[in-house]
Amino acid sequence: MSPLKIAIVGATGAVGTELIKLLEDSHIPVSRLGLIASSRSAGRQITFRGGAWPVDVIDGAGNATFDVAFFSAGGAISLEWAPRFAASGALVIDNSNAFRMNPNVPLIVPQVNPCVLTSRPDRGIVANPNCSTIQLVRAIRPLVQALAVRQIVLTTYQAASGGGLRGINELLAGSKSVLDGTDEPSSGRFPVSLAFNVIPQVGELSNDGVTLEEQKLIQESRKIFRLPELKLTATCVRVPVTNGHSEAVYIEFSESVSMNNVRELLAREQGIQLYDRAGSRPYPTPRLLENHGDVHVGRIRVNPDDGRGLWMWVVADNLQVGAALNAVQIAELAVSNRLVGEKCT
């Protein structure tokens with residue numbers, strides 16, 4: 001196919017930086033790369049496939065035409081600019097919460113619901129799910145398809161990188177302050193300081209005590225699986241880890257489950273790395289992950305007091321699996337379905 005003109009809005013942020021790396025290693029042909037960020041980054045040069053590409057502000061690039069536009073600069077920017085890029089012909093792949101629950105915008109995890117992107121979306125926008133949602137639905141997809149699920153209960157352990165570069169820097173600076181015994185760590189990106197701390201709040205709290213992150217997990221999982229009555233409840237927790245989200249997932253089925261059957265279903269799933277108690281690493285941990293494009297699953301066990309219940313420990317690189325990689329894989333799916341480029345249908 002012909003090389004594509006690609007824009008990355010939020011190119012110098014944590015996810016944007018990963019997008020550039022993954023695009024460079026992908027098979028997507030690129031003729032022009034539009035790197036868009038805030039005025040603080042304007043004028044920088046970023047190397048991509050041997051060439052140097054300048055960073056521009058969105059006002060300077062808003063009239064340019066692109067085949068694909070990745071948005072990772074927050075919901076406000078997406079709401080204002082994503083429709084403009086789409087109206088100019090770009091397939092917009094948006095990483096914010098702006099369009100995820102819009103019934104006219106597909107919410108895609110290519111390993112789970114690729115059939116949703118067999119035709120070009122009416123609005124020209126595809127939503128990238130939340131980071132914690134992506135690793136959850138990828139891990140449980142074979143179980144949801146093969147077995148009757150009654151409910152899902154989970155707790156997330158989410159890294160500072162979920163708050164972008166600012167979140168990472170705040171954790172590192174706060175940790176240094178604690179270790180040096182100097183000033184009390186400040187908080188800005190998180191409700192309280194994350195240094196040597198655990199915060200049982202990710203996102204704004206609603207009147208009923210549920211956070212935005214918890215709402216996303218429920219609503220997005222239902223939309224992706226096309227199970228509007230799926231019972232799912234979560235507690236989302238921020239932990240002092242630089243990168244890599246973890247989840248303790250409890251699934252209750254309608255009937256008793258077999259450990260061997262569960263492990264066979266997961267072992268056959270593409271992109272799932274299964275851990276065994278007999279291995280050198282009996283379970284995954286976020287700092288020691290290998291194969292950052294995989295979802296890592298360990299600590300699988302049937303509830304000894306209820307054979308219908310199953311526990312899983314799920315870990316993934318939230319900047320890749322949970323954001324940038326999923327977005328690139330959506331673009332690759334669109335390319336393979338001939339939805340972008342000169343020969344799109």
Side-chain angles (χ1 to χ4, degrees), residues 1-38 40-58 60-61 64-73 77-78 82 85 90-96 108-111 114 117 126 128-129 131 134-135 138 161-162 164-165 168 242-244 270-271 273 289-295 316-344:
M1 68 169 297
S2 301
L4 302 178
K5 300 182 289 293
I6 294 180
I8 300 177
V9 180
T12 58
V15 176
T17 301
E18 292 296 324
L19 271 169
I20 294 170
K21 294 177 185 176
L22 292 169
L23 271 177
E24 185 158 28
D25 294 335
S26 77
H27 297 296
I28 298 176
V30 179
S31 62
R32 178 157 62 89
L33 188 64
L35 302 176
I36 300 166
S38 68
R40 296 188 303 273
S41 300
R44 284 179 52 185
Q45 298 281 323
I46 294 179
T47 301
F48 177 81
R49 293 183 181 174
W53 298 85
V55 177
D56 198 358
V57 294
I58 199 163
T65 58
F66 296 95
D67 298 299
V68 177
F70 296 98
F71 271 69
S72 190
I77 294 293
S78 293
F85 276 68
L91 177 69
V92 172
I93 301 173
D94 182 53
N95 196 51
S96 79
I108 306 289
V109 178
Q111 296 85 353
L117 197 62
V126 177
N128 210 36
C131 48
I134 293 172
Q135 71 183 73
R138 282 185 57 178
S161 58
L165 291 176
I168 295 173
T242 304
N243 189 52
Q270 182 180 4
Q273 186 166 329
L289 285 186
E290 298 175 353
N291 301 320
H292 285 247
D294 288 345
V295 175
D317 182 329
N318 54 290
L319 292 180
Q320 287 205 21
V321 167
L325 179 61
N326 197 75
V328 170
Q329 289 172 336
I330 291 172
E332 291 174 334
L333 180 61
V335 168
S336 67
N337 289 342
R338 303 168 70 88
L339 305 183
V340 294
E342 294 179 3
K343 298 180 182 179
C344 68

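What you see below is based on every heavy atom in this structure, not just the backbone, and it leaves out hydrogens, waters and symmetry mates.
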Using only atom types and a distance under 3.5 Å, with no angle test, would you say the side chain of [X] pairs donor to acceptor with the backbone of [Y]?
X: Asn291; Y: Asp294; result: no
X: Asn318; Y: Gly244; result: yes
X: Asp67; Y: Ala7; result: no
X: Ser41; Y: Ala37; result: no
X: Ser161; Y: Thr242; result: yes
X: Asn337; Y: Leu339; result: no

When rounded to the nearest 0.5 angstrom, what distance separates [atom1] in [X] from [atom2] in [Y]?
X: Asn326; Y: Gln111; atom1: CG; atom2: CD; result: 6.5 Å
X: Gln135; Y: Gln320; atom1: CD; atom2: CD; result: 13.0 Å
X: Ile93; Y: Ser72; atom1: CD1; atom2: OG; result: 12.0 Å
X: Asp25; Y: Arg49; atom1: CG; atom2: CZ; result: 8.5 Å
X: Thr12; Y: Ile46; atom1: OG1; atom2: CD1; result: 6.5 Å

Between [Y] and [X], is there a side-chain heavy-atom distance shorter than 4.5 Å?
X: Ile6; Y: Ile28; answer: yes
X: Ile168; Y: Asn243; answer: no
X: Ser26; Y: Glu332; answer: yes
X: Pro110; Y: Ile330; answer: yes
X: Leu35; Y: Leu33; answer: yes
X: Leu23; Y: Phe48; answer: yes
X: Val92; Y: Val126; answer: no
X: Val109; Y: Pro129; answer: yes

State, without any angle test, whether Glu290 and Gln273 hold a side-chain donor-acceptor pair at a distance under 3.5 Å.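 No, no side-chain donor-acceptor pair sits under 3.5 Å.
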
Verify the distance criterion only: is there a donor paired with an acceptor across the side chains of Asn128 and Asp94 at less than 3.5 Å?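 No pair is found: no donor N or O on one side chain lies under 3.5 Å from an acceptor on the other.
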
Looking at Glu24 and Lys21, is there a salt bridge between them, counting it only when a charged N and a carboxylate O are closer than 4.0 Å?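 Result for this pair is no, no salt bridge flagged.
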
Evaluate side chain to side chain contact (heavy atoms under 4.5 Å, CB included) for Ile36 paired with Val55, printing each intermediate quantity in order. CA-CA 6 Å; Ile36 300 166; Val55 177; over 6 Å; no

What pair of heavy atoms forms the shortest contact from [X] to [Y], and how long is it?
X: Ala331; Y: Phe70; value: CB-CZ, 3.7 Å
X: Arg138; Y: Val295; value: NE-CG2, 3.7 Å
X: Lys5; Y: Ser31; value: CG-OG, 3.5 Å
X: Leu325; Y: Gly293; value: CD2-CA, 3.5 Å
X: Ser78; Y: Ser96; value: OG-OG, 3.3 Å
X: Ala73; Y: Ile77; value: O-CG1, 3.7 Å

Walk me through it: do Asn95 and Val15 pass the test side chain to side chain contact (heavy atoms under 4.5 Å, CB included)? CA-CA 9 Å; Asn95 196 51; Val15 176; 4.0 Å; yes

Under the side chain to side chain contact (heavy atoms under 4.5 Å, CB included) criterion, do Val321 and His292 qualify, and how do the steps go? CA-CA 7 Å; Val321 167; His292 285 247; over 6 Å; no

Steps toward side chain to side chain contact (heavy atoms under 4.5 Å, CB included) verdict (Val335, Leu4): CA-CA 10 Å; Val335 168; Leu4 302 178; 3.9 Å; yes

In terms of the angle between their ring planes, are Phe85 and Phe66 parallel, tilted or perpendicular, with boundaries placed at 30° and 60°?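 Phe85 and Phe66: parallel rings.
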
